[in-house]
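Report on one structure; see the data block that follows.
Treat the numbers as computed from the prediction; the structure is a model and nothing was measured.
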Amino acid sequence: MHIAIMGAGITGITTAYELAIDGHRVTVFDRNDMVASEGSFANAGLVSPGCVSPAAAPGLRRWLLRGLFTHESALRWRPNLNRSQWSWLRQWWQACEAPQAEDVRAMVELARLSRERLAGITERYRLDYERSDGVLLLLRSGREFAATHRHMTMLGELGVDAQELTPERCREIEPSLREKVRLAGGLLLADDGVGNCRQFAQMLRDIATEKYGVLFRFGTEVLALDCTQGRPLVHFEQRALRSPGTQDRLPELRIEPYDAVVICGGASAKPVLRSAGLELPILPVYGYSVTLRLRTDGHAPRSAIVDARTGIAITRMGDRVRVTGGFEIFQDRQPLQQSGALMPLYKALHRWYPFAADMSQPQIWKGARPMLPHGPPVVGPAPSSGVWLNVGHGAHGWSLACGSARLLADQIAGREPSLNPQPFSVRPWLR
């Protein structure tokens, strides 16, 4: 089949690859000029089944309220009059007290499949994208330790290697952790790790293009789908390339038929989803990262740590360190340098690795995570014939991308997937 993919983030790239190795002819549309330009650009880099979970969870409502009154919280929200954001927040609020065990189980299983697929691709093509092994969850109190113990029990049942550690053992694994800081213990996810998502996306784009003939059409925005003609018609706007000495031209509007269309875009895909008869409550929830050059004296993380209290991750990226966090529901319009959103990131780095980085030239990033208010991502067929979905991965796109791409490719091929696709169905979202 000739399949169009909307979106060239990490989900779109991996989906293009999996469909191409199945023998399909694949065309990828993206409004940006290169792959992984938005939510996949400078994320934490965690490839961690042990850390995945739905956006809603018990206890997060209290965290949300705390973020309303303090500018130093990793969760930030400043209410406005946007009705769709309030609707999403209402659904999220209700879901926070609902049982989450089955959703967590489904996402962990998908993340394990993803990690296996990623390892296979890495070994097959001998890829190096600033990888390192191990994720250490740091716990500051006995209450955090008790909550993590319950989560660890579930992870063990799902086959995830999770080990409870004493403070002394945490410091053996990460010897550069600051000594004079309170630490109750930790949870080591030894099989999880870190990788540069954007580097991997660029490498997989080259492989998909050179070995499997995938066509990438950058500077092209899909406006709508017409699903009334038997085959999906893609309406798109292609930005004209400008040559030196020429005037700008209006974008070119075009329509092309495809055997199937896969929507992999983030929250910006909502108009296209709507044209296909879907009103998925996907909200752009913003996160931040600061990437810094490491100092030469070696006081830096070996792989990755996550502060359980704030959710902030500090990850090693080759000769750099990246601090990532934030859960901003209502977008802050202030310039990044003036935004209080960066303060929790700098505080976390100072708390755990005060001497790790050269602070003089920070690379600052803000990206939107396409989040559903509850539940796993949607991976599978849409109600409209020929339209498929791979959306709503939230903060876990890098951890889930390779697995969700394989799950979707198996469904398109009519094969029995290696895990149950039912938890990822769009049906619960249909009215």
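- Looking at Arg198 and Met34, their side chains come closer than 4.5 Å, going by heavy atoms from C-beta outward.
- Of the candidates Gln411, Glu116, Glu18, Glu18 is the only one forming a side chain to side chain donor-acceptor pair (under 3.5 Å) with Arg406.
- Scored by the ring-ring contact (aromatic ring centres under 6.0 Å, His included) test, His374 finds Trp429 as partners (sequence neighbours excluded).
- Residues Ile3 and Trp388 are not in side-chain contact: their nearest non-hydrogen atoms beyond the backbone lie 4.5 Å or more apart.
- Taking OH of Tyr353 as the start and CG of Leu292 as the end, the distance is 14.5 Å to the nearest 0.5 Å.
- Counting heavy atoms from C-beta outward, Val35 and Asp30 have side chains that stay 4.5 Å or more apart.
- Val262 places a side-chain heavy atom less than 4.5 Å from the side chain of Leu19.
- When all heavy atoms are compared, the tightest approach of Gly380 to Leu408 is N-CD1, 3.7 Å.
- Using a 4.5 Å cut-off on side-chain heavy atoms (C-beta onward), Asp307 and Trp352 make contact.
- How far CD of Glu164 is from CG of Leu188: 11.5 Å, rounded to the nearest 0.5 Å.
- Annotation: side chain of Arg115 is in contact with side chain of Asp191 (closest heavy-atom distance under 4.5 Å).
- For Arg415, the side chain to side chain donor-acceptor pair (under 3.5 Å) partners at least two apart in sequence or on another chain are Asp22, Asp410.
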Scan the side chains in residues 263-277 for donor-acceptor partners under 3.5 Å anywhere in the protein, sequence neighbours excluded, and list what turns up.
from	atom 1	to	atom 2	distance (Å)
Arg274	NE	Glu279	OE2	2.7
Ser275	OG	Leu225	N	2.9
Ser275	OG	Val272	O	2.6

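- Within the model, atoms CZ of Arg351 and CG of Leu177 stand 11.5 Å from one another, a figure rounded to the nearest 0.5 Å.
- Here the CE-NE2 distance, from Met371 to His396, works out to 6.5 Å after rounding to the nearest 0.5 Å.
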**OP:** I would like to know whether Arg31 and Glu38 meet side-chain contact (heavy atoms from CB on, under 4.5 Å); could you show each step before the answer?
**Re:** CA-CA 10 Å; Arg31 63 183 180 178; Glu38 298 185 8; 3.1 Å; yes

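- The main-chain N or O of Thr324 is never found under 3.5 Å from a side-chain atom of Ser289 such that the two would form a donor-acceptor pair.
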Original post:
Stepwise, does the side-chain contact (heavy atoms from CB on, under 4.5 Å) test hold for Gln361 with Arg293?
Top reply: CA-CA 8 Å; Gln361 294 182 312; Arg293 288 287 175 184; 6.0 Å; no

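- Note that CD1 of Ile207 and CZ of Phe200 are 7.5 Å apart. Values are rounded to the nearest 0.5 Å.
- The backbone N or O of Ile10 lies less than 3.5 Å from a partner atom in the side chain of Ser40, making a donor-acceptor pair.
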**OP:** Check the pair Leu389 / Leu278 against side-chain contact (heavy atoms from CB on, under 4.5 Å), numbers first and verdict last.
**Re:** CA-CA 11 Å; Leu389 305 172; Leu278 284 170; 3.6 Å; yes

Can you give the donor-acceptor pairs under 3.5 Å from side chains of residues 129-139 to other protein atoms, not counting sequence neighbours?
from	atom 1	to	atom 2	distance (Å)
Tyr129	OH	Thr122	OG1	2.6
Glu130	OE1	Asn196	ND2	2.8
Glu130	OE1	Arg320	NH2	3.1
Ser132	OG	Ser303	OG	3.1

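- Looking at residues two or more places apart in sequence or on another chain, you find no side chain to side chain donor-acceptor pair (under 3.5 Å) involving Asp206.
- Nearest heavy-atom pair across Leu419 and Leu110 is CD2-CA, 3.8 Å.
- In this structure, Leu430 and Pro383 have side chains that are in contact, with non-hydrogen atoms separated by less than 4.5 Å.
- When all heavy atoms of Ala201 and Ile13 are compared, the closest pair comes out as O-CG2, 3.9 Å.
- Of all the heavy atoms in Val321 and Ala357, the pair that sits closest is CG1-CB, 3.8 Å.
- Across all their heavy atoms, Tyr258 and Arg231 have their closest contact at O-CB, 3.5 Å.
- With respect to the salt-bridge test (charged N to carboxylate O, under 4.0 angstrom), the residues Glu174 and Arg316 do not qualify.
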With a cut-off of 3.5 Å and sequence neighbours excluded, list every side-chain donor-acceptor pair involving residues 43-58.
from	atom 1	to	atom 2	distance (Å)
Asn43	OD1	Gly45	N	3.2
Ser48	OG	Cys51	N	3.4
Ser48	OG	Asp192	OD2	2.7

Original post:
Can Ile412 and His24 be said to form a side-chain contact (heavy atoms from CB on, under 4.5 Å), step by step?
Top reply: CA-CA 10 Å; Ile412 290 176; His24 298 290; 4.2 Å; yes

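- More than 12 heavy atoms of other residues, nucleotides or ligands lie within 6.0 Å of CD in Glu157, so this atom counts as buried by the packing criterion.
- From Gln163, atom CD reaches atom CG of Leu187 across 8.5 Å, with rounding to the nearest 0.5 Å.
- Aromatic ring pairs are classed by plane angle as parallel below 30°, tilted from 30° to 60° and perpendicular above 60°; the pair Trp92 and Phe327 is tilted.
- Arg369 and Gly394 make their closest contact through CB-O, 3.6 Å (heavy atoms, listed as atom of the first residue, atom of the second, distance).
- Side chain of Thr315 to main chain of Ala304: no donor-acceptor pair is present (N/O by atom type, distance under 3.5 Å, no hydrogens or angles).
- The pair Arg112-Glu109 fails the salt-bridge criterion, with no side-chain N (NZ, NE, NH1 or NH2) lying under 4.0 Å from an Asp/Glu carboxylate O.
- Contact check for Val426 versus Leu280: side-chain heavy atoms found under the 4.5 Å cut-off.
- Side chain of Trp365 to main chain of Thr291: no donor-acceptor pair is present (N/O by atom type, distance under 3.5 Å, no hydrogens or angles).
- The aromatic rings of Tyr125 and Tyr17 lie perpendicular to each other, with more than 60° between the two planes, well past the 30° mark.
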